[in-house]
There are 2 protein chains.
Amino acid sequence: MKTMSTMLKANDLAVTAQRAAVMEFLHGNTDHPSVDTIYKRVKKRFPYISRATVYNTVKTLTRAGLLQEVLVQQDKTRVDSNVSRHHHFKCLRCGRIEDVPYDILTAKHVGEHAKSYHVEEVRVVMEGRCKQCR
Amino acid sequence: MKTMSTMLKANDLAVTAQRAAVMEFLHGNTDHPSVDTIYKRVKKRFPYISRATVYNTVKTLTRAGLLQEVLVQQDKTRVDSNVSRHHHFKCLRCGRIEDVPYDILTAKHVGEHAKSYHVEEVRVVMEGRCKQCR
DNA sequence: CATATGAATTAGAATAGTTCTAAACTTAGA
DNA sequence: TCTAAGTTTAGAACTATTCTAATTCATATG
Ligand SMILES: [Mn+2]
Ligand SMILES: [Mn+2]
Ligand SMILES: [Zn+2]
Ligand SMILES: [Zn+2]
């Protein structure tokens, strides 16, 4: 609970139990969970939490740079607690989304290939089979 | 109307006026329109078309490889009548989505960098400012 | 050309994900 | 401790999409 409140304070956000619980669940989680997954999970320890609070919290923390949203094909939003720049690998068989290091392909790198574009960000989604699904 | 019915027949799909109208609107269109945009546009010349038909048509034509869907951050689906492999550039200012040639970054190319992944497809979304927005 | 059969279309209902609302409650600061 | 601003809540509202079941249409066959 210490780190969470420190991070919230550092971003001028009120420290609330709900925010801390959401952050705690997400901390170190590499699953890219949906809002509903977060909601159901946090609800176990926090029975009165509202879905709206989870949505609000995700939005607030995202604006503060403490979370990001994964670029995925139209379905529900997937939340990413890894806010370092990185890419994603989506398994075409099991649907799992894995992190891929950014240096595999940086915006600079891409910008060199794509000289006619003014590239500030590059988001790469690789698709294939994950190790378990080969 | 000739080309459209030929393409439908080649894919064992019944030739209907609605399908042809959707295909005609999309043909040569580089805007990546939403289903609702297609619906409203086609409705002008075809007042009784149903939204469900547009959804059905987009799904059917996508399965047949005559259309694809653009990878975008959670909002409505964007339809792409350019089914060659290519990437996209999204303007962070005006939101426009432009096509980017595939050879700038192929799956093979990316696979060489990312040796530990079994990459079959790669989808790249570059972000920055388009020419009009610089 | 007439007919039959399966496929496609339609309007509207249903569903899913997300945002909004307004009242009640909490936090943080004076 | 008091206050003002910010947060939480349940549920309504909204938006995109899918489903339903009745109707219409396209195509194959005679
Ligand atoms: Mn990630
Ligand atoms: Mn495109
Ligand atoms: Zn897998
Ligand atoms: Zn622009």
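Throughout, protein chains are lettered first and strands after them, A, B, ... in sequence-line order, and every chain is numbered starting at 1.
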Integer-rounded Å distance: D:dT15 P and B:Y55 OH: 13 Å

Any B:Q18 side-chain N or O less than 4.0 Å from OP1/OP2 of D:dC25: no

Spacing of B:L13 atom CG relative to C:dA8 atom C1', expressed in whole Å: 11 Å

Exercise: do A:H32 and A:D99 side chains pair donor with acceptor under 3.5 Å: yes

Under 4.0 angstrom between A:T16 side-chain N/O and D:dT7 OP1 or OP2: no

Atom-to-atom span, CG of B:D12 to P of C:dG6 - whole angstrom: 17 Å

Gap between atoms CG and P, on A:N11 and D:dG6 respectively (whole Å): 16 Å

N/O donor-acceptor pair under 3.5 Å between A:R19 side chain and A:A14 backbone: yes

Closest-nucleotide 5' rank along DNA chain D - winner of B:N56 and A:T60: A:T60

Atom-to-atom span, CZ of B:R19 to P of D:dC25 - whole angstrom: 15 Å

Nearest-angstrom distance from the residue atom CG of A:D36 to P of C:dT15: 16 Å

Short side-chain N/O contact to C:dT18 OP1/OP2 from A:T77, under 4.0 Å: yes

Parallel, tilted or perpendicular, as decided by the 30° and 60° cut-offs, for the rings of B:H88 and B:H86: perpendicular

Shared hydrophobic cluster, B:I97 / B:L105 (ILVMFWY, side-chain heavy atoms < 4.5 Å): no

Geometric class of the B:Y117/A:F89 ring pair [parallel <30°, tilted 30-60°, perpendicular >60°]: tilted

Contact under 4.0 Å: A:Y48 side-chain N or O vs D:dT9 OP1/OP2: no

Rounded distance (Å) that lies between atom P of D:dT7 and atom NZ of A:K9: 15 Å

Shortest side-chain distance from A:R51, nucleotide among D:dT17, C:dT18, C:dT10: C:dT18

Short side-chain donor-acceptor distance under 3.5 Å, B:K59 and B:Y55: no

Close side-chain approach of B:M23 and B:L8, heavy atoms under 4.5 Å: yes

Options C:dA28, C:dT18, D:dT7, nucleotide nearest the side-chain atoms of A:V15: C:dA28

Axis bend over the full length of the helix from C:dC1-D:dG30 to C:dA30-D:dT1, computed from five pairs that close each end, to 10 degrees: 30°

Sugar-phosphate, base or nothing in reach of B:A14, heavy atoms under 4.0 Å: sugar-phosphate

Interatomic distance, B:K59 NZ vs D:dC19 C1' [rounded to whole Å]: 10 Å

Side chain of B:A52 (C-beta onward), nearest among D:dT8, D:dA16, C:dT10: C:dT10

